[in-house]
Protein chains: 2
Amino acid sequence: MTHSPGQVGAPRAEAQRRREPAGVTLRHVAAAAGVSVATASRAFSRPEKFDPSTRARILRLADELRYVPHRAAQALITGRTMSLGLVVPDLTNPFFPGVIKGAQARARERGLSLLIADTDEDPGAELALVGQLAQRTDAVVLCSSRMPDDDLDRAARLCPVVLVNREHPGVPAVTFDSDAGVREAAVHLRALGHRRVGYVGGPAHSFSDAARAAGLHAEFPAHGLEVVLLGNHDPSFEGGRRAADVVLSSDVTAVMVHNDVMALGLVGRLLDYGLDIPRELSVIGWDDIEFAGMFTPGLTTVRMPREDAGRAAVGYLEAALGGRTSEPPRLETHLVFRQTTARAHERRPG
Amino acid sequence: MTHSPGQVGAPRAEAQRRREPAGVTLRHVAAAAGVSVATASRAFSRPEKFDPSTRARILRLADELRYVPHRAAQALITGRTMSLGLVVPDLTNPFFPGVIKGAQARARERGLSLLIADTDEDPGAELALVGQLAQRTDAVVLCSSRMPDDDLDRAARLCPVVLVNREHPGVPAVTFDSDAGVREAAVHLRALGHRRVGYVGGPAHSFSDAARAAGLHAEFPAHGLEVVLLGNHDPSFEGGRRAADVVLSSDVTAVMVHNDVMALGLVGRLLDYGLDIPRELSVIGWDDIEFAGMFTPGLTTVRMPREDAGRAAVGYLEAALGGRTSEPPRLETHLVFRQTTARAHERRPG
DNA sequence: CGACCTTGTGCACACGATTGCATGCCGGGT
DNA sequence: ACCCGGCATGCAATCGTGTGCACAAGGTCG
């Protein structure tokens with residue numbers, strides 16, 4: 001209104017004041033096609049009810065001009081950033097890159113991007129982090145969070161949230177169904193003649209540790225196996241090594257371990273002690289990280305389909321943002337047989 | 001102009017048409033403070049030349065109202081998204097989470113976010129990926145890219161780019177200086193009595209493989225060591241295992257391996273063969289991934305400070321975007337001594 | 001005492017895309 | 001011949017923030 005409106009040509013010169021090459025905008029393609037910006041926009045968003053030839057021409061021109069929509073502008077007007085956040089406690093824990101990979105693949109298929117945040121194992125920082133992410137993303141997936149319950153409530157109010165490997169009332173969650181895996185482990189150990197099986201636990205207040213222990217207590221007795229709790233330990237290689245003494249001084253012939261990294265630490269230390277694994281002690285881990293099969297002896301373990309979990313989590317959020325309601329899945333786990341389990345034998349007294 | 005302009009109160013009702021709770025905007029805090037939106041905005045961006053009391057009042061109110069700036073709106077007007085992209089070939093390769101972690105930490109300190117993209121080991125897809133990232137980020141770091149040279153040129157024209165662990169004329173790069181690490185390895189092996197040392201290579205056209213081989217050729221002869229090339233192999237555990245036969249049928253007493261994962265595969269297979277490591281063969285890996293110290297025997301290896309690399313890469317980009325020019329660093333590597341190296345012995349003929 | 005500078009603040013436009021409403025055109029029915 | 005409906009398209013407002021320029025108030029100096 002203030003300036004001659006007929007000129008639909010190049011963006012006005014003064015726009016170049018600050019700002020790099022500027023890129024081609026909808027205005028350019030509209031001008032090139034001899035239509036208004038509105039029409040150009042609709043050529044993308046409203047394929048239906050549109051003159052096919054006009055539409056085709058616009059799209060072709062957009063392509064030739066290498067037009068790419070400006071995400072920030074879209075985000076501003078639509079209120080959707082088209083990106084998701086993903087929070088993990090520790091990237092160097094081999095469990096998480098798997099779920100990230102899955103999440104990322106699904107996100108890419110859908111034209112979404114993924115912001116990864118690592119909390120450095122600090123549950124207290126997670127809420128703040130979700131707050132930051134909420135500004136830049138439409139929703140976030142919280143992975144194996146050890147966030148306190150009320151922080152979790154607050155986070156869920158901040159923006160749409162989906163949990164992975166944790167449950168909390170009122171918050172959707174992609175979970176792992178330990179049952180099948182644990183049952184297979186029970187059958188396996190029982191068949192090998194074991195009767196008393198230890199459980200080397202992870203962090204005391206971790207949700208997944210509680211879930212795993214519960215699975216054991218639910219399934220093992222039904223198969224004639226006694227479960228012996230062997231304490232809570234740091235979920236690290238060192239934590240596994242340190243658990244060796246407890247295991248050694250118990251009278252179990254087999255142990256389940258909270259995760260693979262710990263299990264590998266435990267096995268390593270026990271081998272150092274001169275123990276013959278699996279002859280004197282069978283060990284079963286949890287997760288099936290890549291390295292589980294690379295160690296000697298290869299670790300028997302309960303596989304968690306973590307890429308599937310990542311995919312499912314973003315799939316759920318994408319549906320939820322689109323207004324479609326869906327139920328996040330509960331994923332099956334299974335036992336992977338390798339070399340750390342064998343027939344039960346008496347162990348010579350420690 | 002079309003509607004009564006006096007009303008500076010809440011955003012106009014019709015704005016609520018579509019759009020969730022809407023959040024509090026600069027307009028809210030401006031209204032609360034009794035100033036214009038422009039002043040409120042400047043309270044943040046122009047601390048200097050500002051009436052201190054007004055500024056303090058505005059900031060306090062902003063805080064009370066829980067105002068958080070709308071990133072998309074800022075991005076639209078400033079042309080800066082305040083986020084960076086990071087492209088890696090494979091997240092599940094333990095090398096990369098390390099650099100991501102470093103990058104992420106530095107980015108967070110600076111209020112930047114990081115978009116991670118995994119190319120699934122497909123160098124052909126990388127350029128397209130950078131294109132996508134360029135829309136949503138201000139710059140991208142390309143990590144150990146195997147992208148062809150001209151793709152790399154194109155990518156660098158798309159948006160500011162920094163390379164990690166790769167070099168290319170005209171593109172800034174955070175690199176690893178193999179020299180110190182390789183020299184230490186040479187001294188170490190020589191002291192242990194080795195004379196002929198094999199090199200188990202990675203992918204044929206990989207930049208880092210060329211760099212590593214070059215380092216060997218530059219340093220080893222100077223220390224009286226002969227280098228024997230033992231071919232190119234897949235940079236995976238399996239690749240390392242498959243290299244075992246070549247190693248066994250050569251007459252070297254020690255090998256350097258392109259990376260730790262391969263080295264671990266190689267060692268595992270050789271142990272399967274009944275070889276006594278390190279007595280019959282010394283093995284040195286490259287990277288110092290977490291698991292290198294967890295295997296038995298612990299892998300002697302050349303450490304790459306990968307978190308530092310991540311930090312340096314985003315540090316460089318941040319400076320570059322801020323107009324400050326800097327030189328991306330060349331990071332020192334060092335040998336980490338563990339159990340796969342020992343005095344040279346004749347090996348009984350294969 | 002007036003001209004000029006400094007300092008603090010507001011007006012208005014811009015960024016690039018989306019979208020409700022209006023408009024113009026064309027054809028068919030009464 | 002006129003009106004109405006459908007269809008394709010344009011107008012203009014809008015999202016939330018940043019910033020050049022104008023302008024007012026107060027102070028200083030000649």
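FYI, side chains are in, hydrogens and waters are out, and symmetry mates aren't considered; it's all heavy atoms of this structure.
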Between [atom2] of [N] and [atom1] of [X], the distance in whole Å:
X: B:Q135; N: C:dG16; atom1: CD; atom2: P; answer: 15 Å
X: A:L26; N: C:dT18; atom1: CG; atom2: P; answer: 6 Å
X: B:M82; N: C:dC15; atom1: CE; atom2: P; answer: 21 Å
X: B:F44; N: D:dT19; atom1: CZ; atom2: P; answer: 14 Å
X: A:R80; N: C:dT19; atom1: CZ; atom2: P; answer: 12 Å
X: B:R27; N: D:dT14; atom1: CZ; atom2: C1'; answer: 10 Å
X: B:I77; N: D:dG18; atom1: CD1; atom2: P; answer: 8 Å
X: A:R55; N: D:dA8; atom1: CZ; atom2: P; answer: 12 Å

Just to confirm, is there a sub-4.0 Å distance from OP1 or OP2 of [N] to any side-chain nitrogen or oxygen of [X]?
X: A:T54; N: D:dT9; value: yes
X: B:S41; N: D:dT17; value: no
X: B:S36; N: C:dT9; value: no

Salt bridge flag under 4.0 Å for residues A:D151 and A:R154: yes
One thing to verify: whether A:R106 and A:D308 come together as a salt bridge, which I'm taking to mean a side-chain N less than 4.0 angstrom from a carboxylate O. no
Measure the spacing between [atom1] of [X] and [atom2] of [Y] and express it to the nearest 0.5 Å.
X: A:E121; Y: A:T119; atom1: CD; atom2: OG1; answer: 6.5 Å
X: A:L84; Y: A:E318; atom1: CG; atom2: CD; answer: 8.5 Å
X: B:L163; Y: B:H168; atom1: CG; atom2: NE2; answer: 8.0 Å

So A:S45, base contact, sugar-phosphate only, or nothing? Heavy-atom distance under 4.0 Å. nothing
So what does A:Y67 hit on the nucleic acid, given a heavy-atom distance under 4.0 Å: a base, only sugar-phosphate, or nothing? sugar-phosphate
Nearest to the side chain of [X], which nucleotide is it out of [options]?
X: A:Q74; options: C:dA17, C:dC15, D:dC15; result: C:dA17
X: A:R46; options: C:dG16, D:dG18, C:dT19; result: C:dT19
X: A:T25; options: C:dA17, D:dT19, C:dT18; result: C:dA17
X: B:T39; options: C:dG10, D:dG18, C:dG16; result: C:dG10

base_contact_polar (C:dG20 base, A:R42 side chain, donor-acceptor, <3.5 Å): yes
Of B:A38 and B:A73, the one whose closest DNA chain D nucleotide lies more 5': B:A73
